[in-house]
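Report on the following structure.
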Amino acid sequence: MLRQQDVGHRIVVRRIVGIREGRPLFSDALGELVELSETHLTLATAQGPLRVPVAQVHRAKRVPPTRRPTAAAVVALERAANEAWPAPTRGRLGDWLLRSAEGWTGRANSALPIGDPDRPLPAAVDAVERWYAERGQPAMINTPLPLAAPVGAELDERGWTTRPPTLVQTAPLPLPALTVAAAPTVDAVLELVTAPSEDWLAIAAGRKGGLPDAARHVLTAVDQVRFAHAYVDGVLAAIGRATVTGQGRWLGLSLIEVVPAARRQGLARHVIGELAAWGVSAGATHAFLQVEQRNTPAIALYRTLGFTTHHTYLTRVAPS
């Protein structure tokens, strides 16, 4: 049966649609799982959304995507994502990237093993461990799958642990569901600026568990970046960040956050819509975002905006 980890992935469901002569009639549905609860599941199919009561599900399982991205496509997107989230301290191991940002976020404090590390794989992992030990940090490696599966196998043998999977999702621009910026159900004033306000940073710190000096570098050290501020009654109610990287192709969305008192009023869609419109004006042709596989509400929202999973990655952590 399906689990929450399957949200955001392509599945096939065999469901009971009737009874004939005392025997059940079945119908199969194929699509991306966008919601899973105790009572029902929702698929995004080629014919539109399909809501299926769990009581009608006979069988359901995850299936491979229709077309896997090429290794070159995964590498290009991972490099664009790295440009969009730049660590202040960086190093190289052949083609591999080494990143450190005072421990703020896994992405900015992990090695990215894409390309040739210019040495045998075991020696490369040894070098990663030494690089982080010299900085007093636990060694971490982000492994895009299936590209970095050999790295993952080496880490398994060494006893590295695994954090929850992260989905790297993409959509063409302009976003199909947001050809114009979505209007929220409350009066909101939205501003896009090149630097975050202190209130913006405070909301981001609440989500990310603090904001060391290195975090400001990660957030601002991109040539093309915008910070969305959505105000309701003069109070900052929602934020978002967008970058354009990857030789101008990729709009990267991050830190889409709505304060609890203002949720379920369309502010997240409004923020994404304005940032996407800015990305189009800057020449970007595609958008990407990174979301934990267990964050099912966010995945469901992004699916309505046209995002699908390009690939996944695992953050691996060395034994202490």
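Only this structure's heavy atoms are used, side chains among them; waters, hydrogens and symmetry mates stay out. Index from 1, following the sequence.
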| message | What I'd like to find out is whether the side chain of Val17 reaches to under 4.5 Å of the side chain of Phe26, using heavy atoms alone. | response | no
| said: Is there a path of hydrophobic side-chain contacts, each under 4.5 Å between heavy atoms of I/L/V/M/F/W/Y residues, joining Leu41 to Ile16? | reply: no
| query | Going by atom types alone, do Thr308 and Arg303 pair a side-chain donor with an acceptor below 3.5 Å? | reply | no
| task | Could you walk me through whether Lys208 and Ile203 pass the side chain to side chain contact (heavy atoms under 4.5 Å, CB included) test, one step at a time? | result | CA-CA 9 Å; Lys208 291 293 186 182; Ile203 293 175; over 6 Å; no
| task | Mind listing the closest non-hydrogen atom pair of Thr143 and Gly152 along with its distance? | result | CG2-N, 4.5 Å
| Inter-residue atom distance Leu289.CG - Leu167.CG, 0.5 Å rounding | 9.0 Å
| With a 4.5 Å heavy-atom cut-off, do Pro172 and Thr285 have their side chains touching? | no
| field | Shortest non-hydrogen contact from Gly279 toward Leu251 | value | CA-CD1, 3.8 Å
| field | Exercise: identify the closest heavy-atom pair between Ile256 and Arg207 | value | O-NH1, 3.0 Å
| Distance in Å, Leu77 CG paired with Ile114 CD1, rounded so as to fall on 0.5 Å steps | 9.5 Å
| Can a salt bridge be assigned to the pair Glu292 and Arg294 using a cut-off of 4.0 Å between side-chain N and carboxylate O? | yes
| task | Determine, stepwise, if the pair Tyr302 / Ile272 fulfils side chain to side chain contact (heavy atoms under 4.5 Å, CB included). | result | CA-CA 10 Å; Tyr302 299 144; Ile272 293 171; 3.9 Å; yes
| task | Please work out which of the three classes, parallel, tilted or perpendicular, describes the rings of His310 and Trp250, given edges at 30° and 60°. | result | perpendicular
| message | Just verifying a value: how many Å separate Leu175 CG and Thr304 OG1, rounded to the nearest 0.5 Å? | response | 10.0 Å
| task | For the residue pair Thr166 and Gln290, confirm or rule out a side-chain donor-acceptor distance under 3.5 Å. | result | no
| query | Has the side chain of Asp118 got a donor or acceptor atom that lies under 3.5 Å from a matching backbone atom of Gly94? | reply | no
| field | Side-chain donor or acceptor of His217 paired with backbone N/O of Pro86 under 3.5 Å | value | yes
| task | Compare all side-chain heavy atoms of Pro144 with those of Val74 and state whether any distance is below 4.5 angstrom. | result | yes
| task | Establish, yes or no, whether the cationic atom of Arg92 lies under 6.0 Å from the six-membered ring centre of Trp96 and within 45° of the ring axis. | result | no
| said: Just by distance, no angles: are the side chains of His40 and Gln56 close enough, under 3.5 Å, to form a donor-acceptor pair? | reply: no
| request: Check whether Leu192 and Val244 end up in the same hydrophobic cluster, where Ile, Leu, Val, Met, Phe, Trp and Tyr are linked by side-chain heavy atoms less than 4.5 Å apart. | output: yes
| said: Is it true that Asn82 and Arg107 share a donor-acceptor pair across their side chains at a distance under 3.5 Å? | reply: no
| request: Apply side chain to side chain contact (heavy atoms under 4.5 Å, CB included) to the pair Arg135 and Thr89, showing each step before the final yes or no. | output: CA-CA 10 Å; Arg135 287 154 182 80; Thr89 302; 3.9 Å; yes
| message | Is it the case that the side chain of Thr315 and the backbone of Gly106 share a donor-acceptor pair, with hydrogens and angles ignored and the cut-off at 3.5 Å? | response | no
| query | Is there a donor-acceptor contact under 3.5 Å linking the side chains of His58 and Arg14? | reply | no
| Hphob cluster co-occupancy, Leu33 + Val52, side-chain heavy atoms under 4.5 angstrom | yes
| said: Could you measure the distance from the OG1 atom of Thr161 to the CZ atom of Arg163? Nearest 0.5 Å is fine. | reply: 7.5 Å
| Side-chain (Tyr132) to main-chain (Ala111) donor-acceptor, under 3.5 angstrom | yes
| message | Looking at Ala101, is its backbone amide N or carbonyl O close enough to the side chain of Asn109 to form a donor-acceptor pair, meaning the two atoms are under 3.5 Å apart? | response | yes
| note | Heavy-atom closest pair (Val258 atom, Ala238 atom, distance to 0.1 Å) is CG2-CB, 3.9 Å
| Salt-bridge present (Glu274, Arg226; N to O < 4.0 Å) | no
| message | Ignoring hydrogens, what is the shortest heavy-atom contact between Arg62 and Arg10? Give both atom names and the distance. | response | CG-O, 3.3 Å
| field | Cation-pi, Trp160 ring and Arg316 (6.0 angstrom, 45 degrees) | value | no
| field | Atom pair OG1/CG of Thr185 and Asp187 - distance to nearest 0.5 Å | value | 9.5 Å
| field | Arg216 (side chain) donor-acceptor with Pro212 (main chain) under 3.5 angstrom | value | no
| said: Can you confirm whether Trp131 sits close enough to Ser100 that some side-chain heavy atom of one is under 4.5 Å from a side-chain heavy atom of the other? | reply: yes
| Could you walk me through whether Glu83 and Arg79 pass the salt bridge (Lys or Arg N to Asp or Glu O under 4.0 Å) check? | CA-CA 6 Å; Glu83 294 172 25; Arg79 291 197 183 280; over 6 Å; no
| request: State plainly whether one hydrophobic cluster holds both Val151 and Leu93, where clusters connect Ile, Leu, Val, Met, Phe, Trp and Tyr through side-chain heavy atoms under 4.5 angstrom apart. | output: yes
| Looking at Ala139 and Glu129, what are the two nearest heavy atoms and their distance? | CB-CA, 4.0 Å
| Quick one: are Leu112 and Glu78 in side-chain contact, heavy atoms under 4.5 Å? | yes
| field | Common cluster, Val168/Leu253, ILVMFWY with side-chain heavy-atom separation under 4.5 Å | value | no
| message | Between Thr39 and Pro53, is there a side-chain heavy-atom distance shorter than 4.5 Å? | response | no
| said: Tell me whether Arg241 contacts the main-chain N or O of Leu219 through its side chain, where contact means a donor paired with an acceptor under 3.5 Å. | reply: yes
| Near Arg59 CZ, under 6.0 Å, is it more than 12 heavy atoms from other residues, nucleotides or ligands? | no
| task | Start with the C-alpha distance between Thr309 and Gln169, add both sets of side-chain angles, then the distance that settles side-chain hydrogen bond (donor to acceptor under 3.5 Å, both in side chains), and finish with yes or no. | result | CA-CA 4 Å; Thr309 299; Gln169 299 199 315; 3.0 Å; yes
| message | To the nearest 0.5 Å, what is the distance between CE on Met140 and CG on Leu155? | response | 12.5 Å
| message | Set out, in order, the CA-CA distance, both residues' side-chain angles and the distance that settles side chain to side chain contact (heavy atoms under 4.5 Å, CB included) for Leu314 and Leu145, then state yes or no. | response | CA-CA 8 Å; Leu314 300 176; Leu145 299 176; 3.8 Å; yes
| said: Within the structure provided, determine whether Ser197 and His229 are in side-chain contact (heavy-atom separation under 4.5 Å). | reply: yes
| field | Flag, side chain of Glu257 to backbone of Ile239, donor-acceptor distance under 3.5 Å | value | no
| request: Answer yes or no: is there a donor N or O on one side and an acceptor on the other, between the side chain of Arg119 and the main chain of Pro117, under 3.5 Å? | output: yes
| message | Does atom CG (Asp223) have a neighbourhood of more than 12 heavy atoms from anything else shown, all under 6.0 Å? | response | no
| Do Gln293 and Pro164 touch side chain to side chain, with heavy atoms closer than 4.5 Å? | no
| said: Main chain of Thr245, side chain of Thr243: is a donor-acceptor contact present, judged purely on distance under 3.5 Å? | reply: no
| task | Measure up the Trp104 and Trp85 rings against each other and bin them: parallel (under 30°), tilted (30 to 60°), perpendicular (over 60°). | result | parallel
| said: Taking atom CZ as the centre, does Arg249 end up with more than 12 heavy-atom neighbours from other residues, nucleotides or ligands that are less than 6.0 angstrom away? | reply: yes
| query | Going by an N to O cut-off under 4.0 Å, is there a salt bridge joining Glu134 and Arg130? | reply | no
